[in-house]
Amino acid sequence: MAYPLISEYREAILSAEDNFNELSSLRPVLDSHGDPVMSSGNFAVVFKMKDENDGKLYAVKCFIKDQQGREESYRKIADELETVSSSYILPLRYLENELFVDSAQCDQEEFPVVVMEWVEGETLDAYLNRNLDDKYELEMLSYRFNRMAAWLLAQSFAHGDLKPDNILIRKDGSLVLVDYDGMFVPSMKGEKAREIGSPDYRNPSRTDADFDEHIDDFSISVIALSLKAIALNPELKSSTHSSDSLLLSEKDYRDPGNSNTLKDIQCLMNNPELSLLFGAFSIALANNSLSLISYDILLAKKPQIKKISLKKESIFAKLGLIAERSDNDYVIDEYGVKYSNDGRKLLGILDSFNEQEYSVKPGTEEILENAISFNKSLIKINLPYSVTTIGNYAFQGCTSLINVNISNNVKHIGYNPFRGCHHIKIEIINHPKYQLTNNLLIDSTGKLISNLNHSSSIIIPKSITTIGVSAFEWCESLKTVHIPETVAIIANNAFCGCSILQKLYIPDSVTTIGNHSFSACDSLMKVYLSSSLQSIGDNAFGWCKSLKSLYIPASVKLIGANPFRCCHNLSLNISQKSKYKMIEKLLVDEENGTLISCLSKKEQLTISDKIKNIGSAAFFGSYLLKGIILPQSITCIKQETFSYCTSLRNIYLPDYVSTIGDSAFEFCDHLKNIRIPSTITFIGDYAFQGCNSLTKISIPGRTEYSLFTFPDTCEISFKHQELQN
């Protein structure tokens, strides 16, 4: 079938009232030159139209090239999207023989159009380029895309041509997908793809036979990884030569071993979120799918705004410092290093810092947390004798850094300050507190601070009593580790993200496993817990997807907030003498009646009236749960209790619930009905964020203030005016 030229469509649109059939109330929106506002692509041209009756704006797509099966496909897409309630995607109508066009190219005169709501916004790439100097906006863009991607991965349909040009950013920062020509919906199963996406965003092995709900998986992994890498190091974007790609291109996918861009990204892998995204990309590249992993790897904490107080201070010329502005509370030296106005603290470095050797100013006492992180040029840093404190992660990700001297005057070293410094050599001579043993940085109390040994097998010395916070975090080369009988504490994040660690024996000396200690250890299959273990921290084994069984001894007296979230294959065995019990695959503390973790795969659950409390994140990621009945004894729905229960449809809160915590029902995408009792006094931030099927909520009662977020489509009725304050 032949189609008109864009110029012929333009003439027809200018007389829309005469040429449309059903859409005769639409009029073109004109630019300053009197031309219709429009944009064109390979297959179509889109016009911005306004309805004369109600003033609403619409996008009308007119086709300029033939595409086999388009009419039937758009009918199926329209049927599918009619039932989808989400701000990420728009319903559409496909109208056959809708627009009359006088065309010299065609024998026929009437042509089909697709009509949908007009979205005011800019493309993801344009938004990114405009905000390259604003790291907070870059972090928020990465965060928002990942949340949209997690939602999309949970759907039974796929966009089919996911790329920056087809993702628009509204003025409020929210994202929406456009251009559904390549979309897959379940009714298309068995068909071939009408298009296979843009080369820079598709797996090189993809063909038109790859057409199912996973066709977005690779492009999601590419965009998510690119956005996070740019947020961490915006200079990566300016060094990218392809005009169509964010960072990665078809050339990188075909020869990843020789990709300079991938090597640059790998330099940032000491960031936990980026490491997970890099792993997802690697899986998607190898399998053309993310079906082997859960979408929850995309779920990161929301970035926090960092505010800088302003005050007038003098210039410290004697230290070689110059003020960036007279009213800032910091000064910057000639190399781009920030210091506090009193010269006692090194605060950070500018993006322009590119020195290979740098000497910290005399008189500096503290190197603050993350102060010189993720810099690729620095090879040697000279610390003056005045330095007494090196902050948490102070030099992390400085992949070229070789030499650091630690004087005897250093009294405190924070969490793993050299994480990701693969070539580091620390000079410590007769220090009264710190020493290096087998490339492990250890203090005089027996705490292992930082692993500088990147071998696959590590034997921890018998002098160690505590494996410190983040000591082995994201050591992706670590396959086996021997923990001696002297270790009593495995601190927070100690082995988090050790993705190839497979087997772990925790000796009887260990009494404490901290928060997130082994979370995201994807390959961890076997864990033998200490018979003297007393506490297991929050999310200690979260996302250990290969972990199938675990025995909890009677010695355990404290279990934190759902330490087994998203361990979908885990079976727990518990000592009969323990106060903790497994009741229908629910981990319960019988002494205080608290439900800690749900490992059940049932679609419907009825919680016993013996349960008095439900712990934070107890049902987090229970993706099969459709309905749940809670006992009347429950008075508080805590933080993240039902987050990402993507199949949950109905829930009725007991009569005496007074509090709904932060993110309590976040991303419960299919939640349609919820009863909130009159006893409610507080609803936390993002309590219902992403509940896109929730269309109406009636909230009686009273609350002091409102922090909660509801879907744009949700109708909310309040019985007391103060709820809206």
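If you're wondering where the values come from, they're calculated on a predicted model, not measured in any experiment.
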Novice: Would you say Asn131 and Leu141 make side-chain contact, with heavy atoms under 4.5 Å?
Specialist: no

Novice: Under 4.0 Å between a side-chain nitrogen and a carboxylate oxygen: does that hold for Lys263 and Asp252?
Specialist: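 No, Lys263 and Asp252 are not salt-bridged.
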
Novice: What class does the angle between the rings of Tyr253 and Phe218 fall in, given that below 30° is parallel, 30 to 60° is tilted and above 60° is perpendicular?
Specialist: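 If you compare the ring of Tyr253 with that of Phe218, the planes turn out perpendicular.
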
Novice: State, yes or no, whether a side-chain contact exists between Leu290 and Asp216 at a heavy-atom distance under 4.5 Å.
Specialist: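 Sidechains of Asp216 and Leu290: no contact.
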
Novice: Do Asp200 and Ser245 have side-chain N/O donor and acceptor atoms under 3.5 Å apart?
Specialist: no

Novice: Determine whether the side chains of Asp264 and Thr261 contain a donor N or O and an acceptor N or O closer than 3.5 Å.
Specialist: no

Novice: Taking side-chain hydrogen bond (donor to acceptor under 3.5 Å, both in side chains) as the cut-off, I'd like each qualifying pair that reaches into residues 502-520, sequence neighbours left out, listed once.
Specialist: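 Counting only pairs at least two positions apart or across chains, the side-chain hydrogen bond (donor to acceptor under 3.5 Å, both in side chains) contacts touching residues 502-520 are Asp508-Ser531, His516-Asn539.
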
Novice: State whether a side-chain donor-acceptor pair under 3.5 Å links Gln396 with Asn416.
Specialist: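 There is no such pair between these side chains.
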
Novice: What's the verdict on salt bridge (charged side-chain N to carboxylate O under 4.0 Å, His left out) for Arg130 and Glu137, showing C-alpha distance, side-chain angles and the deciding distance?
Specialist: CA-CA 10 Å; Arg130 186 167 59 83; Glu137 286 300 326; over 6 Å; no

Novice: If you take all heavy atoms of Ser523 and Ser499, which pair is closest and at what distance?
Specialist: OG-O, 2.6 Å

Novice: Just by distance, no angles: are the side chains of Ser198 and Lys163 close enough, under 3.5 Å, to form a donor-acceptor pair?
Specialist: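 Looking only at side-chain atoms, Lys163 and Ser198 do form a donor-acceptor pair, the distance falling under 3.5 Å.
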
Novice: Minimum heavy-atom separation for Asn453 and Ile458, please, with both atom names.
Specialist: O-CD1, 3.5 Å

Novice: Would you mind checking if Arg254 and Glu250 are paired as a salt bridge, meaning a charged N to carboxylate O distance below 4.0 Å?
Specialist: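 Here Glu250 pairs with Arg254 in a salt bridge, since their nearest N and O are under 4.0 Å apart.
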
Novice: Under a 3.5 Å threshold, yes or no: a donor from one side chain and an acceptor from the other, between Thr445 and Asp443?
Specialist: yes

Novice: Flag yes if more than 12 heavy atoms outside Tyr415 fall under 6.0 Å of its OH atom; otherwise flag no.
Specialist: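 Open.
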
Novice: Using the benzene-type ring in the case of Trp, are the ring centres of Tyr644 and Phe620 under 6.0 Å apart?
Specialist: yes

Novice: Side-chain donor-acceptor pair under 3.5 Å between Asn203 and Ser205, yes or no?
Specialist: yes

Novice: Taking ring-ring contact (aromatic ring centres under 6.0 Å, His included) as the definition, give me every residue that meets it alongside Tyr335, ordered by chain and number, with sequence neighbours left out.
Specialist: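 Listed in chain order: Tyr358.
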
Novice: Just checking, any donor-acceptor pair under 3.5 angstrom between side chains of Asn258 and Asp255?
Specialist: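 Asp255 and Asn258 do have a side-chain donor-acceptor pair below 3.5 Å.
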
Novice: According to the side-chain hydrogen bond (donor to acceptor under 3.5 Å, both in side chains) rule, which pairs have a member within residues 468-485, sequence neighbours left out?
Specialist: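 For residues 468-485: Tyr393-Ser470, Arg419-Glu473, Ser457-Thr480, Ser470-Glu473.
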
Novice: Salt bridge between Lys228 and Glu273, side-chain N to carboxylate O under 4.0 Å?
Specialist: yes

Novice: For the residue pair Leu162 and Tyr201, what are the closest heavy atoms and their distance?
Specialist: O-CB, 3.5 Å

Novice: So, Asp342 versus Ser340: side-chain donor-acceptor pair below 3.5 Å or not?
Specialist: yes

